Amino acid sequence: MHGRSEEWFASFVRQRWTSMVRLAHTLTLDEGRAEDVVQESFAKLWSAWSRVRDDDVDAYLRQIVVNQALSSYRRRWWRERPTDDLPELAIDAQTGHIDDRQSLIGALAALPKRQRAVIVLRYAWDMSEMQVAEVLGCSVGTVKTQASRGLTRLRAQLGDVWYADAADGLPVSARRS
Amino acid sequence: MNDTQELGRAIRELLDQYTPPPDPYGWVSRRVRARRNRRVAAGLVATVSVAFALLVAIAMAPSGEVTFRPLEVAAPPPAVASGDQFAEFGAGSALEPAYVVSRGSVNGRAYVVASTTFGLRGAACLFAADAVFNRLSWCSAALRPGEIGEWDLLEPVRADAEVVAVGGIVQAGVRAVVLRLGDGRELAAPAVRTPTSQRVAYFVIVLPNAGTEVAGVLADSAGKRVPLPRSVADGRCAGSQLPAPESAGPAAACPANGDEATGRRS
């Protein structure tokens with residue numbers, strides 16, 4: 001096991017658990033499903049624990065989580081129902097701010113899963129286009145294309161509330177914070 | 001801060017209220033055990049499935065008949081190609097001289113089919129009386145010019161032997177025949193020449209299943225296959241005319257193979 005014991009693995013799980021659940025959640029948009037994905041990912045990591053180099057463990061785990069999250073769409077009980085009609089957005093009457101969380105989840109859920117993965121990995125987890133391409137097993141050009149299309153769709157769906165009134169160059173939600 | 005940075009921050013914070021379980025490793029270790037158990041179970045299922053599939057494959061014929069047992073085609077060995085003399089009928093029997101055409105065992109029962117003339121000049125007959133055949137006596141008359149041979153179901157067989165037997169004659173130059181079953185399978189058997197006749201060779205194939213459907217027999221001469229007609233009894237060589245094995249002396253008239261006369265089986 002290359003000197004790495006089960007105790008080390010247990011410690012590794014406890015240290016990475018929350019960040020991996022957050023990663024999985026941004027891909028699945030469901031907390032329970034994200035925890036399930038992460039459990040399965042760690043279990044898979046354990047089966048390869050003796051073969052993974054120390055400096056590759058985090059990247060390997062992240063790869064498993066992403067793949068597991070994307071493949072979890074094939075499981076019937078997690079499958080989403082795509083819809084063109086996004087839920088009504090709750091707008092704060094005083095500030096004009098929307099319920100950002102719900103609107104963002106709705107907009108992300110409307111993206112195709114791999115397009116959503118590109119957006120999430122590229123912008124939420126600050127991965128380079130090269131890294132995203134490696135994780136998703138596609139070309140850098142595909143990542144660029146998917147990122148561009150994804151942003152366009154998000155802008156189209158969130159534009160009125162996310163980018164409106166951005167004369168100062170900041171989106172509404174940025175100014176809110 | 002640009003809009004993509006703000007978007008990324010907002011996405012990251014979607015789960016900002018998340019509270020991890022007290023010991024996530026406990027969850028993971030249970031999942032590891034579950035995966036291991038699934039693999040063990042899957043391995044067992046796969047093993048059982050393969051074993052079951054093998055058993056079914058062995059038990060089932062290609063036609064899907066579950067009860068069809070492996071064929072035990074009793075083709076005579078090359079040693080009898082010249083026709084070993086079969087002397088079990090007893091000296092002086094009307095069956096003498098007789099020569100082995102096919103000897104074997106089917107469904108646990110031994111049998112011997114011999115060629116004989118039944119004491120009739122030029123006759124080409126098959127005879128058997130054993131645990132499989134109940135006094136089989138089958139005769140064929142002359143092959144007309146152009147006729148390659150003929151075949152027939154050999155009867156009577158004992159009901160409890162549960163067999164189907166096919167036999168017949170072909171021109172002496174034909175070395176083998178091909179039996180075509182109803183399900184498309186084919187079985188080859190040699191044509192055996194015996195001193196009984198200089199003009200024809202004999203063949204016998206015994207199938208270990210009473211329900212086997214026979215579609216036809218083909219003469220196989222150097223790769224060229226010619227369908228053989230099934231013999232048609234015309235009464236001129238009826239069983240009642242054939243002598244019992246223990247009787248001595250020739251029977252009455254029976255068409256002699258090689259003559260132009262026609263006669264068929266009992």
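Note that the structure is predicted; figures quoted are calculated from it, not measured.
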- Report the residues that fulfil side-chain hydrogen bond (donor to acceptor under 3.5 Å, both in side chains) with Arg114(A), sequence neighbours left out, ordered by chain and then residue number. none
- Query: Do the non-hydrogen side-chain atoms of Arg230(B) and Leu153(B) ever get within less than 4.5 Å of each other?
  - Reply: yes
- Message: Can you confirm whether Ile119(A) sits close enough to Leu7(B) that some side-chain heavy atom of one is under 4.5 Å from a side-chain heavy atom of the other?
- Response: yes
- Query: So, Glu162(B) side chain and Ala210(B) main chain: donor-acceptor pair closer than 3.5 Å or not?
  - Reply: no
- Item | Any Arg35(B) side-chain heavy atom under 4.5 Å of Glu40(A) side chain | yes
- Item | Most contacts with chain B, counted as non-hydrogen pairs under 4.5 angstrom, among Val21(A), Leu108(A), Leu23(A), Asp126(A) | Val21(A)
- Query: Are there residues of residues 11-20 of chain A that reach to under 4.5 Å of chain B by heavy atoms, and which ones?
  - Reply: Val13(A), Arg14(A), Trp17(A), Thr18(A)
- Item | Evaluation steps, salt bridge (Lys or Arg N to Asp or Glu O under 4.0 Å), between Arg31(B) and Asp36(A) | CA-CA 10 Å; Arg31(B) 182 65 65 98; Asp36(A) 186 73; 2.7 Å; yes
- Item | Option among Val178(B), Leu181(B), Leu179(B), Asp220(B) that satisfies the side-chain contact (heavy atoms from CB on, under 4.5 Å) test with Glu186(B) | Val178(B)
- Note on the structure: Honestly, the part of Arg12(B) sitting under 4.5 Å from a heavy atom of chain A is both
- Residue selection (most heavy-atom pairs with chain A, distance under 4.5 Å) from Ala34(B), Pro21(B), Gly26(B), Ser29(B): Pro21(B)
- Item | Under 4.5 Å from a heavy atom of chain B, the part of Ser47(A) involved | side chain
- Item | Distance-only side-chain donor-acceptor flag, Thr26(A) / Trp125(A), under 3.5 Å | yes
- Message: What part of Leu45(A) gets within 4.5 angstrom of chain B, counting heavy atoms only: side chain, backbone, both, or neither?
- Response: neither
